[in-house]
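Everything numeric here is computed off the predicted structure, so don't read it as measured data.
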Amino acid sequence: MTKKMSAARKAAESTIRHEDLVDAIENFGKKHGLDVEATEGNDPRGDVRVSRKDYAKLESLMDEKLNKK
């Protein structure tokens with residue numbers, strides 16, 4: 001029988017996955033020459049800052065990448 005995962009462990013793993021996703025978006029945007037960076041702390045604007053001029057391009061690139069899989 002497998003031991004059920006505690007709520008604290010689930011929360012910790014969820015936080016790690018979230019941080020990995022934020023890092024991946026930042027790296028993906030920078031790889032494509034876009035002005036993208038992860039925010040720090042509990043920024044009310046969100047977890048990733050993208051310049052207005054690069055937002056549509058990042059969204060398009062991410063959509064293209066996700067639809068390839």
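Residues Val22 and Glu26 form no side-chain contact, since every pair of their non-hydrogen atoms from C-beta on lies 4.5 Å or further apart. Leu34 is not listed as a side-chain neighbour of Phe28, based on a closest heavy-atom distance of 4.5 Å or more. Side-chain atoms of Asp43 and Arg49, non-hydrogen and from C-beta on, never get closer than 4.5 Å to each other. Side-chain contact between Lys57 and Leu61 is present, with at least one heavy-atom pair separated by less than 4.5 Å.
Within 6.0 Å of NZ in Lys31 there are 12 or fewer heavy atoms belonging to other residues, nucleotides or ligands.
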Tell me which donor-acceptor pairs under 3.5 Å the side chains of residues 6-17 have, and how far apart each pair is, sequence neighbours excluded?
unit_1, atom_1, unit_2, atom_2, d
Ser6, OG, Arg9, N, 3.1
Thr15, OG1, Ala11, O, 3.0

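Remark: the backbone N or O of Asp23 is paired with a side-chain donor or acceptor of Asn27 at under 3.5 angstrom.
Here the shortest heavy-atom pairing between Ile25 and Leu58 reads CG2-CD2, 4.4 Å.
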